[in-house]
Amino acid sequence: NKIEDDYISGATLGKGKFGSVWLCRSRVTGVEFACKTLGKGEETVHREVEIMQHLSGHPGVVTLEAVYEDSECFHLVMELCSGGRLIDQMSKVGPYSEHRAANILKELMLVIKYCHDMGVVHRDVKPENILLTISGKIKLADFGLAMRVANGQKLTGLAGSPAYVAPEVLLGNYSEKVDIWSAGVLLHALLVGVLPFQGDSLEAVFEAIKTVKLDFHTGIWESVSKPARDLIQRMLTRDVGARITADEVLSHPWILFYTERTL
Ligand code: ADP
Ligand code: MG
Ligand code: MG
(Lines give C-alpha, C1' and ligand atoms only; values in the text may rest on other atoms or scores of the structure.)
(Ligands and ions follow the chains in the order given, each with its own letter.)
Protein backbone atom coordinates (compact mmCIF):
# COMPACT_ATOMS: atom_id res chain seq x y z
CA ASN A 1 0.00 0.00 0.00
CA LYS A 2 0.99 3.56 -0.60
CA ILE A 3 0.35 6.12 2.10
CA GLU A 4 -1.87 8.14 -0.28
CA ASP A 5 -4.15 5.11 -0.58
CA ASP A 6 -4.84 5.08 3.14
CA TYR A 7 -4.49 8.71 4.31
CA ILE A 8 -5.44 12.17 3.09
CA SER A 9 -2.67 14.63 3.85
CA GLY A 10 -3.37 18.04 5.40
CA ALA A 11 -1.57 21.00 6.90
CA THR A 12 2.09 21.08 7.93
CA LEU A 13 2.56 20.53 11.67
CA GLY A 14 6.29 21.03 11.83
CA LYS A 15 9.44 21.21 9.79
CA GLY A 16 12.66 19.71 11.01
CA LYS A 17 16.17 19.05 9.87
CA PHE A 18 15.50 15.73 8.20
CA GLY A 19 11.90 15.92 7.11
CA SER A 20 8.47 17.36 7.63
CA VAL A 21 5.51 16.47 9.77
CA TRP A 22 2.02 16.70 8.31
CA LEU A 23 -1.49 16.29 9.56
CA CYS A 24 -3.19 13.35 7.88
CA ARG A 25 -6.55 11.63 8.09
CA SER A 26 -7.36 7.96 7.66
CA ARG A 27 -9.57 7.40 4.61
CA VAL A 28 -11.20 4.47 6.37
CA THR A 29 -11.84 5.75 9.89
CA GLY A 30 -11.54 9.53 9.47
CA VAL A 31 -9.17 9.63 12.45
CA GLU A 32 -6.40 12.24 12.31
CA PHE A 33 -2.72 11.41 12.73
CA ALA A 34 0.64 13.13 12.36
CA CYS A 35 2.83 11.85 9.54
CA LYS A 36 6.58 12.35 9.66
CA THR A 37 8.27 11.91 6.29
CA LEU A 38 11.96 11.09 6.44
CA GLY A 39 14.27 10.86 3.47
CA LYS A 40 16.14 7.59 3.27
CA GLY A 41 19.41 9.42 2.63
CA GLU A 42 20.08 9.71 6.34
CA GLU A 43 21.61 6.64 7.88
CA THR A 44 19.85 7.47 11.17
CA VAL A 45 16.39 7.09 9.65
CA HIS A 46 16.23 3.32 10.04
CA ARG A 47 17.25 3.73 13.65
CA GLU A 48 14.52 6.29 14.34
CA VAL A 49 11.85 3.96 12.93
CA GLU A 50 13.21 0.93 14.76
CA ILE A 51 13.46 2.72 18.11
CA MET A 52 9.94 4.15 17.85
CA GLN A 53 8.63 0.65 17.17
CA HIS A 54 10.63 -0.67 20.11
CA LEU A 55 9.17 1.96 22.48
CA SER A 56 5.59 2.26 21.23
CA GLY A 57 3.13 1.21 23.87
CA HIS A 58 4.14 3.48 26.74
CA PRO A 59 1.60 6.27 27.34
CA GLY A 60 4.40 8.84 27.44
CA VAL A 61 5.81 7.95 24.03
CA VAL A 62 4.21 9.10 20.78
CA THR A 63 2.65 5.91 19.40
CA LEU A 64 3.55 4.74 15.93
CA GLU A 65 0.36 3.74 14.11
CA ALA A 66 1.86 2.58 10.81
CA VAL A 67 4.99 2.87 8.70
CA TYR A 68 5.01 3.24 4.91
CA GLU A 69 8.08 2.96 2.79
CA ASP A 70 8.67 4.02 -0.78
CA SER A 71 11.88 4.27 -2.75
CA GLU A 72 12.91 7.63 -1.26
CA CYS A 73 11.16 7.95 2.08
CA PHE A 74 9.77 6.46 5.24
CA HIS A 75 6.40 7.80 6.31
CA LEU A 76 5.77 7.42 10.02
CA VAL A 77 2.09 7.67 10.85
CA MET A 78 1.98 8.70 14.50
CA GLU A 79 -0.59 9.48 17.10
CA LEU A 80 -1.53 13.18 16.76
CA CYS A 81 -0.59 15.37 19.71
CA SER A 82 -3.15 18.17 19.34
CA GLY A 83 -1.87 20.16 22.31
CA GLY A 84 1.24 21.26 20.41
CA ARG A 85 4.77 21.54 21.74
CA LEU A 86 5.75 22.20 25.34
CA ILE A 87 8.11 24.96 24.14
CA ASP A 88 5.19 26.93 22.69
CA GLN A 89 3.17 26.51 25.87
CA MET A 90 6.20 27.68 27.88
CA SER A 91 6.57 30.87 25.90
CA LYS A 92 2.88 31.64 26.46
CA VAL A 93 2.66 30.66 30.12
CA GLY A 94 5.99 32.01 31.41
CA PRO A 95 7.36 30.41 34.58
CA TYR A 96 5.20 27.48 35.68
CA SER A 97 3.74 26.93 39.11
CA GLU A 98 5.67 24.34 41.09
CA HIS A 99 2.63 22.10 41.05
CA ARG A 100 2.41 22.11 37.25
CA ALA A 101 6.20 21.85 36.76
CA ALA A 102 6.45 18.89 39.15
CA ASN A 103 3.69 17.05 37.32
CA ILE A 104 5.31 17.66 33.93
CA LEU A 105 8.69 16.54 35.26
CA LYS A 106 7.19 13.41 36.82
CA GLU A 107 5.55 12.39 33.53
CA LEU A 108 8.78 13.12 31.67
CA MET A 109 10.89 11.12 34.14
CA LEU A 110 8.52 8.16 33.91
CA VAL A 111 8.98 8.06 30.14
CA ILE A 112 12.75 8.67 30.34
CA LYS A 113 13.00 5.84 32.87
CA TYR A 114 11.02 3.63 30.49
CA CYS A 115 13.40 4.49 27.61
CA HIS A 116 16.44 3.74 29.78
CA ASP A 117 14.91 0.47 31.01
CA MET A 118 14.32 -0.43 27.35
CA GLY A 119 17.98 0.30 26.58
CA VAL A 120 17.38 3.57 24.75
CA VAL A 121 19.05 6.95 25.37
CA HIS A 122 16.97 9.75 23.83
CA ARG A 123 19.80 12.32 23.59
CA ASP A 124 17.56 15.20 22.51
CA VAL A 125 15.30 15.89 25.48
CA LYS A 126 14.08 19.49 25.13
CA PRO A 127 10.69 21.19 25.05
CA GLU A 128 10.68 21.28 21.22
CA ASN A 129 10.51 17.49 21.36
CA ILE A 130 7.92 17.20 24.10
CA LEU A 131 4.39 17.27 22.74
CA LEU A 132 1.09 17.63 24.52
CA THR A 133 -2.16 15.78 24.12
CA ILE A 134 -5.42 17.66 24.08
CA SER A 135 -5.82 16.89 27.81
CA GLY A 136 -2.33 18.26 28.58
CA LYS A 137 -0.48 14.95 29.07
CA ILE A 138 3.06 14.96 27.75
CA LYS A 139 4.44 12.70 25.02
CA LEU A 140 8.13 12.35 24.29
CA ALA A 141 8.73 12.65 20.55
CA ASP A 142 11.58 12.75 18.06
CA PHE A 143 13.74 9.67 18.47
CA GLY A 144 15.95 10.87 15.60
CA LEU A 145 19.02 11.07 17.83
CA ALA A 146 18.11 8.18 20.12
CA MET A 147 20.51 5.26 20.48
CA ARG A 148 20.15 1.71 21.71
CA VAL A 149 22.76 0.89 24.31
CA ALA A 150 23.78 -2.50 25.59
CA ASN A 151 24.60 -2.89 29.30
CA GLY A 152 26.92 -0.15 30.45
CA GLN A 153 28.03 0.70 26.93
CA LYS A 154 29.27 4.26 26.53
CA LEU A 155 28.19 6.62 23.77
CA THR A 156 30.39 9.08 21.92
CA GLY A 157 29.77 11.85 19.43
CA LEU A 158 28.25 15.27 19.86
CA ALA A 159 24.47 15.03 19.90
CA GLY A 160 21.62 17.14 21.15
CA SER A 161 20.86 20.82 21.30
CA PRO A 162 23.48 23.23 22.67
CA ALA A 163 21.56 24.63 25.64
CA TYR A 164 20.43 21.18 26.80
CA VAL A 165 23.60 19.20 26.19
CA ALA A 166 25.28 17.56 29.18
CA PRO A 167 28.90 18.47 30.00
CA GLU A 168 30.15 14.90 29.54
CA VAL A 169 28.87 14.93 25.94
CA LEU A 170 31.27 17.79 25.27
CA LEU A 171 34.11 15.79 26.80
CA GLY A 172 33.59 12.49 24.96
CA ASN A 173 32.14 9.46 26.74
CA TYR A 174 28.64 9.45 28.11
CA SER A 175 25.67 7.34 29.14
CA GLU A 176 21.89 7.55 29.58
CA LYS A 177 22.53 10.10 32.35
CA VAL A 178 22.64 12.80 29.65
CA ASP A 179 18.83 12.66 29.51
CA ILE A 180 18.64 13.49 33.23
CA TRP A 181 20.83 16.56 32.67
CA SER A 182 18.66 17.75 29.78
CA ALA A 183 15.52 17.25 31.88
CA GLY A 184 17.24 19.33 34.60
CA VAL A 185 17.81 22.14 32.11
CA LEU A 186 14.11 21.91 31.24
CA LEU A 187 13.07 21.99 34.91
CA HIS A 188 15.17 25.13 35.38
CA ALA A 189 13.48 26.73 32.36
CA LEU A 190 10.02 25.73 33.61
CA LEU A 191 10.48 27.15 37.11
CA VAL A 192 12.73 30.14 36.52
CA GLY A 193 11.60 31.03 32.99
CA VAL A 194 15.13 31.14 31.56
CA LEU A 195 17.74 28.61 30.52
CA PRO A 196 20.49 27.92 33.08
CA PHE A 197 23.44 28.02 30.64
CA GLN A 198 23.58 30.85 28.16
CA GLY A 199 26.05 32.69 26.00
CA ASP A 200 26.46 34.81 22.89
CA SER A 201 28.11 32.04 20.92
CA LEU A 202 28.10 28.27 20.82
CA GLU A 203 31.49 28.25 22.54
CA ALA A 204 30.20 30.51 25.29
CA VAL A 205 27.19 28.25 25.89
CA PHE A 206 29.43 25.18 26.07
CA GLU A 207 31.81 27.00 28.42
CA ALA A 208 28.85 27.87 30.69
CA ILE A 209 27.74 24.21 30.68
CA LYS A 210 31.20 23.10 31.71
CA THR A 211 31.83 25.76 34.36
CA VAL A 212 28.92 27.96 35.41
CA LYS A 213 27.57 27.44 38.92
CA LEU A 214 23.89 28.00 39.54
CA ASP A 215 23.64 31.11 41.66
CA PHE A 216 20.73 30.67 44.04
CA HIS A 217 21.34 34.10 45.57
CA THR A 218 20.05 36.09 42.62
CA GLY A 219 16.54 37.46 42.58
CA ILE A 220 15.28 35.04 39.97
CA TRP A 221 15.32 32.24 42.57
CA GLU A 222 13.18 34.04 45.12
CA SER A 223 9.98 32.41 43.98
CA VAL A 224 11.47 28.91 43.69
CA SER A 225 11.21 26.70 46.79
CA LYS A 226 14.25 25.10 48.48
CA PRO A 227 13.28 21.52 47.53
CA ALA A 228 12.86 22.54 43.88
CA ARG A 229 16.29 24.21 43.88
CA ASP A 230 17.73 21.06 45.44
CA LEU A 231 16.30 18.88 42.68
CA ILE A 232 17.55 21.18 39.90
CA GLN A 233 21.00 21.12 41.47
CA ARG A 234 21.01 17.31 41.71
CA MET A 235 19.95 16.95 38.06
CA LEU A 236 22.50 19.54 36.90
CA THR A 237 25.39 17.81 38.70
CA ARG A 238 28.46 17.61 36.47
CA ASP A 239 29.82 14.50 38.16
CA VAL A 240 27.86 11.81 36.32
CA GLY A 241 28.25 9.31 39.15
CA ALA A 242 26.82 11.79 41.66
CA ARG A 243 24.00 12.96 39.35
CA ILE A 244 20.52 11.86 40.41
CA THR A 245 18.94 8.88 38.57
CA ALA A 246 15.44 8.76 37.07
CA ASP A 247 14.23 6.63 40.00
CA GLU A 248 15.67 9.09 42.50
CA VAL A 249 14.01 12.03 40.74
CA LEU A 250 10.69 10.20 40.97
CA SER A 251 11.08 9.73 44.73
CA HIS A 252 12.48 13.22 45.41
CA PRO A 253 10.48 15.01 48.16
CA TRP A 254 9.55 17.89 45.85
CA ILE A 255 8.06 15.52 43.25
CA LEU A 256 6.24 13.52 45.91
CA PHE A 257 4.84 16.64 47.55
CA TYR A 258 3.35 18.10 44.39
CA THR A 259 2.27 14.95 42.62
CA GLU A 260 0.71 12.92 45.43
CA ARG A 261 -1.47 15.75 46.58
CA THR A 262 -4.70 16.25 44.69
CA LEU A 263 -5.41 19.94 44.46
P1 ADP B 1 12.74 16.74 13.85
O2 ADP B 1 13.54 15.49 13.99
O3 ADP B 1 12.85 17.28 12.47
O4 ADP B 1 13.03 17.74 14.93
P5 ADP B 1 10.25 16.09 15.22
O6 ADP B 1 9.91 14.64 15.36
O7 ADP B 1 10.77 16.77 16.43
O8 ADP B 1 11.22 16.28 13.96
O9 ADP B 1 8.96 16.84 14.68
C10 ADP B 1 9.05 18.19 14.26
C11 ADP B 1 7.83 18.96 14.72
O12 ADP B 1 6.64 18.38 14.14
C13 ADP B 1 7.57 18.90 16.22
O14 ADP B 1 8.30 19.87 16.92
C15 ADP B 1 6.08 19.16 16.28
O16 ADP B 1 5.81 20.53 16.12
C17 ADP B 1 5.57 18.42 15.06
N18 ADP B 1 5.17 17.04 15.40
C19 ADP B 1 5.97 15.94 15.40
N20 ADP B 1 5.29 14.84 15.78
C21 ADP B 1 4.02 15.25 16.04
C22 ADP B 1 2.83 14.57 16.50
N23 ADP B 1 2.83 13.26 16.75
N24 ADP B 1 1.72 15.30 16.67
C25 ADP B 1 1.73 16.64 16.43
N26 ADP B 1 2.80 17.33 16.00
C27 ADP B 1 3.94 16.66 15.80
MG1 MG C 1 12.64 17.56 16.94
MG1 MG D 1 14.89 14.54 15.00
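Ligands are counted one by one from 1 in listed order, and the atoms in each one are counted from 1 as well. Bear in mind that the values here come from a model prediction, so they are computed numbers and not experimental data. One is the number of the first residue; the rest follow in order along the sequence.
Near Leu13, meaning under 4.0 Å from any of its heavy atoms, are these atoms of ligand 1: 16 (O), 25 (C), 26 (N). Near Ala34, the atoms of ligand 1 lying under 4.0 angstrom from a non-hydrogen atom of the residue are 21 (C), 22 (C), 23 (N), 24 (N). Residue-ligand proximity, Val62 to ligand 1, at heavy-atom distances under 4.0 Å covers atoms 23 (N). Taking a cut-off of under 4.0 Å to the non-hydrogen atoms of Gly14, the atoms of ligand 1 that pass are 11 (C), 12 (O). Each of the atoms 7 (O) of ligand 1 lies under 4.0 Å from some heavy atom of Asn129.
Of the candidates Asp142, Val21, Leu145, the one placing a heavy atom closest to atom 4 (O) of ligand 1 is Asp142. The closest heavy-atom contact to atom 6 (O) of ligand 1, among the options Lys126, Glu48, Lys139, Lys36, comes from Lys36.
Residue-to-ligand polar distances keep Ala141 apart from ligand 1: every N/O pair is separated by 3.5 Å or more. Backbone and side-chain nitrogen or oxygen atoms of Lys15 are examined, and none is located within less than 3.5 angstrom of a nitrogen or oxygen of ligand 1. For the pair Glu79 and ligand 1, the shortest N or O to N or O distance falls below 3.5 Å.
Contact annotation: for Glu128 versus ligand 1, heavy atoms closer than 4.0 Å belong to the backbone alone.
Looking at Asp142, its N, O or S atom nearest to the Mg ion (ligand 3) turns out to be OD1.
Tracing side-chain contacts under 4.5 Å through hydrophobic residues (I, L, V, M, F, W, Y), one reaches Met78 starting from Val49; they form part of the same cluster.
Arg148 and Glu50 are joined by a salt bridge, as a carboxylate oxygen and a charged side-chain nitrogen come within less than 4.0 angstrom of each other. Using a 4.0 Å cut-off between a side-chain N of Lys or Arg and a carboxylate O of Asp or Glu, Lys92 and Asp88 do not qualify as a salt bridge. A salt bridge links Lys113 to Asp117: at least one charged side-chain nitrogen sits closer than 4.0 Å to a carboxylate oxygen. Ion pairing of Glu48 with Lys36 is present here, as a side-chain N (NZ or NE/NH1/NH2) and a carboxylate O approach within less than 4.0 Å.
Classified by interplanar angle (parallel below 30°, tilted 30° to 60°, perpendicular above 60°), the ring pair Phe197/Trp181 is parallel.
With hydrogens and angles ignored, the 3.5 Å screen pairs a side-chain donor or acceptor of Thr218 with a backbone N or O of Asp215.
For the pairing with Tyr68, the side chain to side chain donor-acceptor pair (under 3.5 Å) check across Asp6, Asn1, Thr37 returns one residue only, Asp6.
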